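This report refers to the structure that appears directly beneath it.
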Amino acid sequence: MKISELVRILKKNGCRFVEHGKEHDVWYSPITGKKIRVGRHSSQEIPTGTANRILRDAGIR
């Protein structure tokens, strides 16, 4: 999965962008109340385990 696809899923499920970090962007999930760090390079592939962990932290799935 590409980071751009992951961001699209986060937006679709109500997560919102909070801030730019040095290498990652920070997103907030209203479902879990957690802040989630996502890599900034949207065309880059993200490992499956990392994507699943981000989705789980966001309360998606």
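Along the sequence shown, residues are numbered consecutively beginning with 1. What you see is a predicted model, and the numbers here were worked out from it, not measured in a lab.
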How far does [atom1] of [X] sit from [atom2] of [Y], to the nearest 0.5 angstrom?
{"X": "Asn52", "Y": "Leu6", "atom1": "CG", "atom2": "CG", "answer": "9.5 Å"}
{"X": "Ile3", "Y": "Ile54", "atom1": "CD1", "atom2": "CD1", "answer": "7.5 Å"}
{"X": "Ile36", "Y": "Arg53", "atom1": "CD1", "atom2": "CZ", "answer": "10.5 Å"}
{"X": "Lys2", "Y": "Ser43", "atom1": "NZ", "atom2": "OG", "answer": "6.0 Å"}

Q.
Do Val18 and Trp27 sit in one hydrophobic cluster, given that two such residues count as connected whenever their side-chain heavy atoms are within less than 4.5 Å of each other, even indirectly?
A. no
Q. Is there a donor-acceptor pair closer than 3.5 Å between any side-chain N or O of Ser29 and the backbone N or O of Ala58?
A. yes
Q: Sequence neighbours left out, what pairs pass salt bridge (charged side-chain N to carboxylate O under 4.0 Å, His left out) with at least one residue falling in residues 3-28?
A: Asp25-Arg40
Q) Just wondering, are more than 12 heavy atoms of other shown residues or ligands nearer than 6.0 Å to NE2 in His41? A) no
(Q) Restricting to non-hydrogen atoms, name the atom on Ala51 and the atom on Met1 that form the minimum distance, rounded to 0.1 Å. (A) CB-SD, 4.2 Å
**Q.** Phe17 and Val7: CA distance, side-chain angles, deciding distance, side chain to side chain contact (heavy atoms under 4.5 Å, CB included) verdict
**A.** CA-CA 9 Å; Phe17 174 78; Val7 168; over 6 Å; no
Q: Would you sort out whether Ile60 and Leu10 count as a side chain to side chain contact (heavy atoms under 4.5 Å, CB included), showing the intermediate values?
A: CA-CA 8 Å; Ile60 302 168; Leu10 291 174; 4.0 Å; yes
Q | Pairing residues for Lys35 by the salt bridge (charged side-chain N to carboxylate O under 4.0 Å, His left out) criterion, not counting sequence neighbours | A | none
